[in-house]
Amino acid sequence: MSSESSKKRKPKVIRSDGAPTEGKRNRSDTEQEGKYYSEEAEVDLRDPGRDYELYKYTCQELQRLMAEIQDLKSRGGKDVAIEIEERRIQSCVHFMTLKKLNRLAHIRLKKGRDQTHEAKQKVDAYHLQLQNLLYEVMHLQKEITKCLEFKSKHEEIDLVSLEEFYKEAPPEISKAEVTMGDPHQQTLARLDWELEQRKRLAEKYRECLSNKEKILKEIEVKKEYLSSLQPRLNSIMQASLPVQEYLFMPFDQAHKQYETARHLPPPLYVLFVQATAYGQACDKTLSVAIEGSVDEAKALFKPPEDSQDDESDSDAEEEQTTKRRRPTLGVQLDDKRKEMLKRHPLSVMLDLKCKDDSVLHLTFYYLMNLNIMTVKAKVTTATELITPISAGDLLSPDSVLSCLYPGDHGKKTPNPANQYQFDKVGILTLRDYVLDLGHPYLWVQKLGGLHFPKEQPQHTVIADHSLSASHMETTMKLLKTRVQSRLALHKQFASLEHGIVPVTSDCQYLFPAKVVSRLVKWVTIAHEDYMELHFTKDIVEAGLAGDTNLYYMALIERGTAKLQAAVVLNPGYSSIPPVFQLCLNWKGEKTNSNDDNIRAMESEVNVCYKELCGPWPSHQLLTNQLQRLCVLLDVYLETESHDDSVEGPKEFPQEKMCLRLFRGPSRMKPFKYNHPQGFFSHR
Amino acid sequence: MERAVPLAVPLGQAEVFQALQRLHMTIFSQSVSPCGKFLAAGNNYGQIAVFSLSAALSSEAKEESKKPVVTFQAHDGPVYSMVSTDRHLLSAGDGEVKAWLWVEMLKKGCKELWCHQPPYRTSLEVPEINALLLIPKENSLLLAGGDCQLHVMDLETGTFTRALRGHTDYIHCLALRERSPEVLSGGEDGAVRLWDLRNSKEVQTIEVYKHEECSRPHNGRWIGCLATDSDWMVCGGGPALTLWHLRSSTPTTIFPMRAPQKHVTFYQDLILSAGQGCCVNQWQLSGELKAQVPGSSPGLLSLSLNQQPTAPECKVLTAAGNSCRVDVFTNLGYRAFSLSF
């Protein structure tokens with residue numbers, strides 16, 4: 001082989017590097033053409049160790065040859081070339097050996113790799129098999145666990161307990177002989193029984209449902225029947241109203257009133273409740289009613305969304321209006337004021353009937369923003385009253401209730417917090433608005449349960465029933481006495497204006513039978529005029545002449561003597577007496593500052609008024625006082641000592657029976673009348 | 001001219017009645033306590049009020065010092081006359097005279113020591129006692145009033161020893177002439193009568209109204225006040241205020257005062273008088289008006305000079321009359337302040 005290869009290589013010796021490769025190629029072709037030479041088989045036969053030795057030897061030989069060649073080349077000479085050629089041929093042979101060895105090495109390597117690869121593949125296949133099996137095992141295990149964990153639905157069902165089951169189930173289901181031993185059969189049997197029971201219950205359920213339907217239908221029918229009854233009952237109630245009125249049992253009316261009362265603001269509600277209670281319990285002449293619009297009252301409590309809408313609307317409107325025309329500050333303020341003084345739409349009306357059939361109508365209002373109540377009063381009489389000129393103010397709605405309690409003039413708001421509210425909108429005092437709104441008397445607040453303590457002003461004042469109840473009786477009585485005394489005065493004034501002092505028969509004993517002095521004039525005078533009179537200074541200084549009083553002037557005459565009497569009528573007449581101040585024009589002007597007897601006459605009517613009160617309720621006080629003044633004037637004139645220097649008889653002969661004409665250091669005249677003896681004496 | 005209007009206080013019935021009572025009050029009599037520090041005043045409602053002059057005159061005087069220390073109801077009728085002994089206050093009004101201990105009076109709820117009524121002739125009406133006079137030498141009290149008599153009461157025993165009759169109309173005032181001793185009385189009948197106490201006889205009568213220079217018929221003839229200074233006497237009332245010389249019974253000086261005088265007294269070298277009209281008049285003996293000091297009442301009925309030696313700081317003149325106030329004059333020139341019931 002090596003010779004062939006070396007032969008083939010020979011032409012290629014010039015090119016020493018490329019020859020082995022060509023040789024390899026050629027050899028492979030040769031393999032295909034003819035002999036089948038398997039170098040691979042040769043590999044199996046050779047021993048790799050020996051090949052390795054051979055390789056090492058060959059390399060050494062080559063090294064040696066190369067060295068010899070080099071020596072020879074360096075020595076030079078002729079036979080050198082043959083030697084060199086020989087060595088060259090040997091080296092070539094060695095090269096060939098090396099190449100073969102290289103090939104063998106490669107083949108071995110390849111074989112080794114192939115074997116490894118095969119083994120590896122086998123290993124891989126086993127590995128895969130192992131994995132498959134493992135996987136299957138796992139799968140099976142999972143399945144097993146799943147099966148083991150499987151809860152059949154039947155276990156969710158609460159079956160009846162065993163004892164119960166055996167007790168209740170019919171024997172064809174329970175099959176005790178079989179089931180006792182076999183838990184599976186037992187469970188099956190129990191399930192069977194469960195099914196059976198459920199079927200039965202389902203039956204019952206269906207029955208019950210149908211029952212229920214039936215009953216519902218019955219209910220519907222009955223409801224319809226009842227609802228058709230309601231309008232009929234209403235019509236019966238309507239029909240019974242006349243009967244109620246006839247029998248004086250106005251239940252319906254009362255019921256309606258209570259309905260409306262629910263919409264009253266708290267103070268008015270307190271007043272309503274207390275007044276109704278008082279009227280029912282103590283005083284049949286008191287009647288209570290509610291007036292006003294309930295819808296408006298309900299509208300006060302609109303839900304917030306509506307009001308928000310309104311606000312946005314009104315804002316939009318306001319913008320428009322400001323663009324068009326700015327409302328003046330005054331108009332804005334006016335609106336604010338109106339808003340502040342707004343009244344609640346509902347009001348309570350109280351009617352107090354007096355013995356002589358005159359009625360006092362009181363209408364109570366509630367000012368929402370100020371939290372006070374006001375009242376408007378009106379007096380109506382059974383017969384039409386002809387008002388004498390001087391009696392104009394007696395029954396006027398403005399002043400008839402003034403000073404029911406001392407000092408309660410009703411011109412100022414009783415709630416101290418209102419002052420700050422007023423400052424914001426420029427209201428000075430409530431006095432300007434009382435004609436419209438009514439008077440905020442203190443007793444009105446008390447009747448509504450509102451209490452405004454001066455010492456500790458409270459933030460919010462709530463209506464209190466007990467306060468109202470404690471004041472109700474006194475106030476009602478005072479109101480009645482007030483109306484009656486005013487009406488009595490009314491009548492008396494009519495008579496006084498005609499110059500007649502109306503003295504009732506049960507007061508006649510206070511006066512002698514004959515009274516010569518006459519009342520000629522009775523007029524009202526204004527407060528300022530009273531203050532300007534020269535003989536009223538003492539009363540003014542004593543603080544008895546306030547602007548809540550009524551002032552009158554009476555003129556009593558006898559002959560040339562004229563007695564002027566200025567009268568202060570306190571609104572609290574007749575528990576508070578009228579006060580008289582006198583001025584006598586007769587032989588000069590005599591008043592209490594220059595004549596002790598005039599002073600004594602004033603004292604007789606002012607200080608000793610209790611004798612003149614007459615029977616309760618002492619409406620006769622004023623007329624008795626006037627009559628007494630006439631008597632006193634008589635006494636004064638008749639007992640005046642005769643002036644010796646003046647000619648002529650006395651103008652007024654003494655007709656009164658007097659024990660003594662003068663007494664005491666101030667030489668008092670006998671002004672005290674003694675009944676029934678009929679003579680005059682000194683106090 | 002704007003008149004200052006007092007605030008009308010909310011007045012209930014009681015307050016109005018009280019105000020009216022005060023308006024119509026008249027103080028008829030005054031009396032100074034023996035120690036000189038207190039003044040008692042009696043009014044027409046029968047009440048006696050005791051004021052503390054020392055408190056009102058002190059420098060720390062407040063409004064309450066001008067109110068009475070105590071007020072009590074002494075009589076049923078007006079208290080027309082009061083005098084003080086060295087321990088007692090004697091007050092008289094409607095027909096009876098009562099005695100009070102000064103030291104007791106300052107406590108509340110004091111009761112009278114004794115109460116005596118002179119024997120009256122008439123029974124129809126109880127006559128008033130207008131004047132009280134103490135006669136220290138005899139330790140007796142002289143009463144005179146509505147029954148036209150002078151009654152003499154012994155202070156120790158309380159019995160009425162004598163009654164001097166002579167007046168034809170009721171007696172207004174009494175005065176004591178120390179020297180004799182004689183008592184002068186003036187009455188409604190226009191006469192001033194002098195009585196001798198030893199023999200209870202009327203010694204002299206002066207009918208003032210009969211003298212033209214002093215009579216004033218339009219006022220009447222009544223003698224309202226008397227004061228005497230041994231030989232001299234001053235009297236006033238309906239007739240003009242006149243100074244008389246007693247022995248000759250002649251009017252020496254007529255004081256030009258139109259208004260009737262209700263009280264007159266000698267003071268040092270002056271004559272003080274008061275009556276209708278609000279002023280206290282000071283007269284020289286010659287008849288000139290030295291001063292007219294206005295008071296606070298529209299008419300004055302009594303003057304009181306506190307000359308007690310034990311309280312020189314309270315030496316004041318007090319005047320009271322037709323009001324509830326007692327004017328205090330510390331200096332005769334002006335009114336210092338007023339005490340008030």
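Numbered from 1 within each chain, the chains take letters A, B, ... in sequence-line order.
Looking at B:S215, neither its backbone nor its side chain comes within 4.5 Å of chain A, counting heavy atoms on both sides. For a residue to count as touching a neighbouring chain, one of its non-hydrogen atoms must lie under 4.5 Å from one of that chain's; by this rule A:H409 does not touch chain B. Only the side chain of A:Y609 comes within contact range of chain B, judged by heavy atoms closer than 4.5 Å. In this structure, the portion of A:V579 lying under 4.5 Å from any heavy atom of chain B is its side chain and not its backbone. Contacts between A:N549 and chain B at a heavy-atom distance below 4.5 Å are absent for every atom of the residue.
Surrounding CG of B:D76 are at most 12 heavy atoms belonging to other residues, nucleotides or ligands under 6.0 Å away. Under a cut-off of 6.0 angstrom, the local environment of CD in B:E213 is crowded, with over 12 non-hydrogen atoms contributed by other residues, nucleotides or ligands. Residue B:Q18 places its CD atom among 12 or fewer non-hydrogen atoms of other residues, nucleotides or ligands, all under 6.0 Å distant.
For the atom pair CG (B:D94) and NE2 (A:H682), the distance works out to 11.0 Å, reported to the nearest 0.5 Å. A distance of 6.5 Å separates CG in A:D596 from CG in B:L301, rounded to the nearest 0.5 Å. Within the model, atoms CG of A:N606 and CG of B:L23 stand 8.5 Å from one another, a figure rounded to the nearest 0.5 Å. We find the CG-CD1 distance between B:L20 and A:I539 to be 6.0 Å, quoted to the nearest 0.5 Å. Here B:F17 contributes atom CZ and A:S575 contributes atom OG; the two are 13.5 Å apart, rounded to the nearest 0.5 Å.
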Would you sort out whether B:N322 and A:N592 count as a side-chain contact (heavy atoms from CB on, under 4.5 Å), showing the intermediate values?
CA-CA 9 Å; B:N322 283 345; A:N592 59 14; over 6 Å; no
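Residue B:F28 comes nearest to A:S666 through the heavy atom pair CE2-OG, 3.0 Å, listed as atom of the first residue, atom of the second, then distance. The two residues B:Q21 and A:V607 come nearest to each other via the heavy atoms CG-CG1, 4.0 Å.
A salt bridge links B:E128 with A:R660: the distance from a Lys NZ or Arg NE/NH1/NH2 to an Asp or Glu carboxylate oxygen falls below 4.0 Å.
B:T26 places a side-chain heavy atom less than 4.5 Å from the side chain of A:R599.
A search for ring-ring contact (aromatic ring centres under 6.0 Å, His included) contacts involving B:H211 returns B:W244, not counting sequence neighbours. In this structure, A:Y636 has no ring-ring contact (aromatic ring centres under 6.0 Å, His included) partners at least two apart in sequence or on a different chain.
In terms of heavy-atom pairs under 4.5 angstrom with chain A, the leader among B:K262, B:H24, B:H172, B:R22 is B:H24. Chosen from A:S681, A:P665, A:G572, A:P577, the residue pairing most often with chain B at heavy-atom distances under 4.5 Å is A:P665.
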